[in-house]
Amino acid sequence: MALPSLADTTALIRHRRSIKPTDMDTTREVDRSLLLEILENATWAPNHGLTEPWRFHLYQGDSRQQLASQMQASYRETTPSAEFREDKFIKMGENPLLAPVVIACVMERNGGDKIPEIEEIEACASALQNLQLSATAAGLGGYWSSPPMLDTECFRAWLGLRAEDRCVGLIYLGWPKPEFKWPRSIRKPVESKLVWH
Ligand SMILES: Cc1cc2nc3c(=O)[nH]c(=O)nc-3n(C[C@H](O)[C@H](O)[C@H](O)COP(=O)(O)O)c2cc1C
């Protein structure tokens, strides 16, 4: 098997962008076989002790409405009225319906005390980067969202989390709208982040 060149890998990594659900084509589904390939790639992420702590809750079709309603209910229930933002509330109700696939990624802690919690979260983050790069290679847009609402007791209970588990993010996936212009981004020069010893 020929490996992708470093140049191709560099191009893929630098091409990945956060693409918001408002820029996704609501009329175009993501094939199950493609979704499974992307999710399987996610599971090839490094993970300490091969605990494979990731669990993916998939919302498509009508189940997205249940997710949206639960996000709104959890936000309303746990946000003090002085901090409540109507625009955020509306977005929570709309976003899941704009993307054909929403994935709630859960860190499920099964390694006991041997593996620190942060390492299980790091493994999940690595899996989500695999997922996002695979989506990018397929031409899909993806967006990682982490509203504080994910950590509320009501949302956690709805997902069926145990005390030691954690929802590390929602990934919205979908085909960009036909007229969408792929965004550019910037990073500081790596030299500014280096400490040579
Ligand atoms: C752990 C994590 C959580 C994130 N949560 C949010 C979020 O809640 N809202 C948001 O707009 N972007 C979120 N992002 C995406 C970042 O905003 C985005 O990656 C950053 O702006 C750089 O843009 P790029 O992904 O296009 O390179 C998150 C990214 C990570 C890694």
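Start at 1 and go down the list; that is how both ligands and their atoms are numbered. Note that the numbering runs from 1 along the sequence shown for the chain.
Residues V168 and C105 have side chains in contact (heavy-atom distance under 4.5 Å, counting atoms from C-beta outward).
Those atoms of ligand 1 with a heavy atom of K20 less than 4.0 angstrom away are 11 (O).
Between S145 and ligand 1, no pair of N/O atoms sits closer than 3.5 Å.
Residues A123 and P53 share a closest heavy-atom pair of CB-CG, 3.9 Å.
Protein heavy atom at the shortest distance from atom 22 (C) of ligand 1 is R187 NH2, 4.0 Å. With hydrogens left out, the protein atom closest to atom 28 (C) of ligand 1 is W144 O, 3.4 Å, a heavy atom. The nearest heavy-atom contact from the protein to atom 9 (N) of ligand 1 is Y143 OH, 3.3 Å. Taking atom 16 (C) of ligand 1 as the reference point, the nearest protein heavy-atom neighbour is S18 OG, 4.2 Å. Atom 5 (N) of ligand 1 has its closest protein heavy atom at S146 OG, 2.7 Å.
Within a 6.0 Å radius of CG in D87, more than 12 heavy atoms belonging to other residues, nucleotides or ligands are found.
A parallel orientation is assigned to the rings of H15 and W182, their planes being inclined by less than 30° (bins at 30° and 60°). Aromatic ring pairs are classed by plane angle as parallel below 30°, tilted from 30° to 60° and perpendicular above 60°; the pair W158 and F155 is tilted.
Residue contacts with ligand 1 do not include R184, since none of its heavy atoms lies under 4.0 Å from the ligand.
At a distance under 4.0 Å, a protein heavy atom can be found next to atom 2 (C) of ligand 1.
The pair R162-E164 meets the salt-bridge criterion, since a charged nitrogen lies less than 4.0 angstrom from a carboxylate oxygen.
With hydrogens and angles ignored, the 3.5 Å screen pairs a side-chain donor or acceptor of R64 with a backbone N or O of L97.
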